[in-house]
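See below for the structure under consideration.
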Amino acid sequence: MTPAFIISLLAGLSMMLLVVFAGIVWVQYRSKFTANAKLSLEDMFLFIDPQRLFLINMGTVVVVPMITYVLTGALPLAVIAAVGIFFLPRLAYRYLKHKRQMKLIAQMPDALNMMAGSLRAGASLALAMDLVCAEMPPPFSQELSLVLREQKLGVSLDDAFDSFAKRINLEEVNLMASAITIANDTGGNLSEVLERLASTLRAKAAMEGKIRALTSQGKLQGIVVGLLPIFLAFVLYQMEPEAMARLFTTFYGWATMAAIATLLILGGFFIKKIVTIDV
């Protein structure tokens, strides 16, 4: 056998192994993505086909970087676009989850007062919860209706509220679950407990609103400072495309952009630490 034949054989075997490895990685990532997406969407009561989301995500990961490279001719920008779109589903899920949690917290004082009023009128806890599910909008009504369904299936009230607290994982929900289970076990005045908890949550929400208003300027400054280099780079590229092209086509330009991105990320991290105040 000639050396050329041996080299060709080794190259073919390497390509076959690479294809097999890529197929295994593809199957594993697809199953993990769809499983996580299914669980995450069901937690937010969004029933969307995870297989379709996976195909859309993979399609955009391929198409958008190609379009970016064709329009700009900059390989680093295409790579950044591919990485950003690859992690976009996780970021979108975190945003939707955070938005849903904030809406649930905002609904809790009214829901607790409604439950307390029903209990004072002589209704049982189950009837009070059912009234809240019927009158309150999502997401609180969805989560509380899930507690009622678990209870109807034979799960104890303590376990149902414990599952509710673990599923949402918020301090306010933990307080509500603990208050209801303790008052239900000890036979205390549950309506009064719920009213006090509602007033406490309102005071906490007012304090957090004041803190968000006071720290909003710092957050805006961080966003402006973070976007300023990108805006300046775009303006300078329009004014001097030949000079700015080296920033995207040479090793020194890529190193400069990597250093700028690292400094921007560090600056955003420190600004977030400064303006984030836990109540």
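The analysis underlying the following values was restricted to heavy atoms, covering all of them including side chains, and did not include hydrogens, waters or symmetry mates.
- Among residue pairs with one or both ends in residues 75-98, none qualify as side chain to side chain donor-acceptor pair (under 3.5 Å); sequence neighbours excluded.
- Looking at residues two or more places apart in sequence or on another chain, you find a side chain to side chain donor-acceptor pair (under 3.5 Å) between Ser191 and Asn189.
- No donor-acceptor pair closer than 3.5 Å links the side chain of Ser178 to the backbone N or O of Leu175.
- Residue Leu148 holds its CG atom at 7.0 Å from OG of Ser145, rounded to the nearest 0.5 Å.
- In this structure, Asp130 contributes its side chain and Ala126 its backbone to no donor-acceptor pair below 3.5 Å.
- Phe269 CZ: 12 or fewer foreign heavy atoms inside a 6.0 Å radius.
- Checking side-chain atoms of Gln107 against main-chain N and O of Pro138 turns up a donor-acceptor pair under 3.5 Å.
- No option in Asp110, Leu190, Val132 other than Val132 meets the side chain to side chain contact (heavy atoms under 4.5 Å, CB included) test with Met115.
- Taken from CZ in Phe161 to OG1 in Thr181, the straight-line distance is 8.0 Å, to the nearest 0.5 Å.
- Side-chain contact between Met58 and Arg30: absent, with no pair of heavy atoms (C-beta onward) separated by less than 4.5 Å.
- Judged purely by atom type and a 3.5 angstrom limit, Asn57 uses its side chain to pair as donor or acceptor with the backbone of Ile85.
- Between the side chain of Ser163 and the backbone N or O of Asp159 there is no donor-acceptor pair closer than 3.5 Å.
- Crowding of Arg246 atom CZ: a count of heavy atoms from other residues, nucleotides or ligands under 6.0 Å not exceeding 12.
- Other residues, nucleotides and ligands contribute more than 12 heavy atoms inside 6.0 Å of the CD atom of Gln238.
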